[in-house]
Asker: 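Quick one: the structure is below, questions incoming.
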Amino acid sequence: MAKFCFVIHPVSFEDVVRYEPGAAGKGRPIVAKILEWMPEYAAAHLTGIRTPDGRETEGWFVAAPLLPEQMLELPREEVYARILRAIDIGVELGAEIAGLGAFTGVVGDAGVTLAARAPIPVTTGNSLTIAAGVRSLFRGAAEMGIDASVATVAVVGATGSIGSACVELIAPHVRELIMVARNETRLRKAHAELARRLPCASSYTLDISAAVRRADLVLTATSSTSDVIEPEDLRTGAVVCELSLPHDVSRRVALERPDVLVIEGGNMRVPGDLRAQRVREPDRAFDLNLPRGTLLACMSETAVLALENRCESFTLGRGIDIAQVREIERMAANCGFGLADMRAFDTAITREQVAAVRAAAAQRRNLAS
Ligand SMILES: NC(=O)c1ccc[n+]([C@@H]2O[C@H](COP(=O)([O-])OP(=O)(O)OC[C@H]3O[C@@H](n4cnc5c(N)ncnc54)[C@H](OP(=O)(O)O)[C@@H]3O)[C@@H](O)[C@H]2O)c1
């Protein structure tokens with residue numbers, strides 16, 4: 001089967017420390033400067049991804065070590081050059097397709113320019129992320145006993161590559177959908193284009209708090225580098241499905257809203273016996289900050305394309321075709337990938353915790369009535 005590489009980067013200061021513990025005592029500005037100078041490098045070797053019918057692939061995480069805000073603020077050409085150098089390292093290792101992790105797929109035109117310049121096909125991985133995110137949102141609704149057909153859903157980041165396709169996939173199953181972003185012109189245009197096709201009531205707003213206050217279900221897919229979902233805004237018993245990396249749901253939600261179910265929406269269970277070893281110290285495991293045997297959906301899309309020998313630039317740009325989302329979901333299922341168990345704030349969500357969230361929501365409703 002084909003081999004793949006996936007471009008990663010630290011999505012937070014904590015990520016930098018996890019990869020390079022020596023950064024712990026240093027200030028953020030110094031670390032950011034060091035990252036600016038640090039060359040791209042092969043960070044991890046992934047093996048053991050094996051389909052139930054015996055197909056196997058291997059791949060490499062190659063780091064373009066910039067923080068999200070650096071990806072957005074440094075000169076675009078400089079950032080592109082760094083991502084392309086990371087892909088070149090993957091090619092030298094044997095990769096035949098490259099995935100773009102987190103902000104490497106957000107910067108600029110969401111992979112279009114990079115695909116045109118890279119020596120191998122490139123995918124953002126957003127199609128499988130969309131499929132996983134929508135499934136996770138509805139799984140969360142079912143866990144909380146929410147009837148989606150009468151629910152109001154807010155999609156935050158609704159003009160984005162991931163958010164706009166999520167709007168289309170969610171709409172047939174809910175009563176009302178609210179599209180949220182910051183750029184009014186783009187949002188109005190996106191809503192006008194989508195509203196004609198959406199089989200539910202829909203509206204748009206720049207006011208995140210107002211949208212979230214009305215929503216039973218919230219899906220976030222923003223390129224924000226700070227929190228956008230705050231505990232004060234959430235409805236009793238709401239479900240929040242977070243696709244954004246870095247996280248954009250305030251960590252305060254975990255502490256202050258025991259009645260709200262937050263789930264990371266983009267995690268997939270990987271078939272076989274996935275191992276990730278550091279390239280520089282092959283006897284040491286690479287800490288993905290994910291449960292064993294799981295990968296993010298964007299990483300999974302890249303691995304699935306390799307397993308299917310579909311070395312093509314599968315997902316690029318904004319305005320993703322829903323047929324493509326369905327196709328990669330079918331391919332992923334065929335390869336034995338599935339939604340990972342629920343998780344939020346970097347820890348697993350147990351059945352007991354879901355029961356506790358439902359009980360806290362019921363209690364809050366009783367107090368309010
Ligand atoms: N979990 C996974 O497996 C996975 C995979 C791929 C990507 N991701 C993450 O998913 C997120 C979205 O990616 P994308 O490719 O869809 O990005 P994108 O195409 O750039 O879209 C970002 C969206 O967020 C909105 N936005 C940005 N800042 C905002 C803010 N402060 N408040 C409200 N809306 C805001 C943007 O509109 P305005 O600019 O008008 O606000 C736009 O609608 C990123 O965080 C990315 O890292 C996760």
Side-chain angles (χ1 to χ4, degrees), residues 6-12 15 67-69 71-72 99-112 114 123-137 154-167 178-191 194 204-212 218-230 233 241-250 263-268 270 288-290 294-304 315-320 325 328 332 337 339-340 343-344:
F6 189 83
V7 185
I8 59 167
H9 71 99
V11 295
S12 63
D15 253 4
L67 289 160
E69 50 273 27
M71 290 272 174
L72 298 179
L100 299 176
F103 274 44
T104 68
V106 167
V107 65
D109 53 14
V112 177
L114 290 167
T123 189
T124 58
N126 285 353
S127 295
L128 194 53
T129 302
I130 292 158
V134 172
R135 278 198 185 277
S136 294
L137 178 75
V155 174
V156 188
T159 52
S161 168
I162 294 173
S164 57
C166 287
V167 166
I178 311 170
M179 294 173 63
V180 192
R182 292 166 310 172
N183 183 308
E184 185 168 18
T185 313
R186 265 204 305 265
L187 184 58
R188 190 179 344 101
K189 202 165 150 239
H191 179 255
L194 280 173
Y204 69 89
T205 179
L206 306 186
D207 187 340
I208 301 176
S209 297
V212 170
V218 179
L219 183 137
T220 73
T222 77
S223 51
S224 173
T225 52
S226 55
D227 294 342
V228 298
I229 306 294
E230 300 293 348
D233 296 327
C241 175
E242 183 192 47
L243 288 174
S244 314
L245 283 172
H247 298 298
D248 61 1
V249 177
S250 165
I263 39 187
E264 291 168 9
N267 301 339
M268 305 284 295
V270 176
L288 279 168
N289 196 29
L290 287 171
T294 66
L295 286 176
L296 293 177
C298 47
M299 299 165 177
S300 301
E301 174 170 318
T302 316
V304 166
T315 313
L316 293 177
R318 301 189 166 85
I320 292 174
V325 176
I328 192 73
F337 286 73
L339 266 195
R343 184 180 127 102

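Note that the structure is predicted; figures quoted are calculated from it, not measured. Each ligand, and each atom within it, is numbered from 1 in the order the structure gives.
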Asker: I want to confirm something. Looking only at heavy atoms, which of Ile320, Leu72, Ile208 is nearest to atom 33 (C) of ligand 1?
Answerer: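 It is Ile208 whose heavy atom sits nearest to atom 33 (C) of ligand 1.
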Asker: Which bit of Thr129 gets closer than 4.0 Å to ligand 1, counting heavy atoms only: side chain, backbone, both or neither?
Answerer: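 Looking at Thr129 and ligand 1, just side chain atoms fall under 4.0 Å.
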Asker: Distance to 0.1 Å, residue and atom name: give those for the protein heavy atom nearest to atom 25 (C) of ligand 1.
Answerer: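 Result: Gly157 CA, 3.7 Å.
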Asker: Using heavy atoms and a threshold below 4.0 Å, how should the contact between Asn126 and ligand 1 be classified: side chain, backbone, both, or neither?
Answerer: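 Just the side chain.
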Asker: Looking only at protein heavy atoms, which one is nearest to atom 39 (O) of ligand 1, and what is the separation?
Answerer: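 Atom 39 (O) of ligand 1 sits closest to the protein heavy atom Arg182 NH2, 2.9 Å.
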Asker: Who gets closest to atom 14 (P) of ligand 1 by heavy atom: Val107, Val106, Asp248, Asn267?
Answerer: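 Going through Val107, Val106, Asp248, Asn267 one by one, Val106 has the nearest heavy atom to atom 14 (P) of ligand 1.
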Asker: Only heavy atoms of Gly266, strictly under 4.0 Å: list the atoms of ligand 1 that pass.
Answerer: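 Close to Gly266: 1 (N), 3 (O).
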Asker: For ligand 1, which atoms have a heavy atom of Phe103 less than 4.0 angstrom away?
Answerer: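 Result: 45 (O), 47 (O).
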Asker: Out of Ala181, Gly111, Ala221, who is nearest to atom 23 (C) of ligand 1 when you count heavy atoms only?
Answerer: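 Shortest heavy-atom distance from atom 23 (C) of ligand 1: Ala221.
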Asker: Among Ile162, Leu245, Leu100, which one puts a heavy atom closest to atom 7 (C) of ligand 1?
Answerer: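 Selected option, by shortest heavy-atom distance: Ile162.
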Asker: Nearest 0.5 Å, please: how far is CG in Leu206 from CZ in Arg182?
Answerer: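 Reported value, rounded in 0.5 Å steps: 10.5 Å.
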Asker: Under a 3.5 Å cutoff, is there a donor and acceptor pairing between the side chains of Asp248 and Thr220?
Answerer: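 On atom types as modelled, these side chains qualify, holding a pair under 3.5 Å.
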Asker: Any idea which part of Glu264 is under 4.0 Å from ligand 1, heavy-atom wise: side chain, backbone, both or neither?
Answerer: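 None of Glu264 does.
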Asker: Tell me the contacting part of Arg318 for ligand 1: side chain, backbone, both, or neither, using a 4.0 Å heavy-atom threshold, strictly below.
Answerer: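 It is the side chain that gets close, since no backbone atom is under 4.0 Å.
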Asker: Does Ala297 have a non-hydrogen atom less than 4.0 Å from ligand 1?
Answerer: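 It does; at least one heavy atom falls under 4.0 Å.
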Asker: Measuring from atom 43 (O) of ligand 1, which candidate in Leu128, Ile130, Thr159 has the nearest non-hydrogen atom?
Answerer: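 Considering heavy atoms of Leu128, Ile130, Thr159, the nearest to atom 43 (O) of ligand 1 sits in Thr159.
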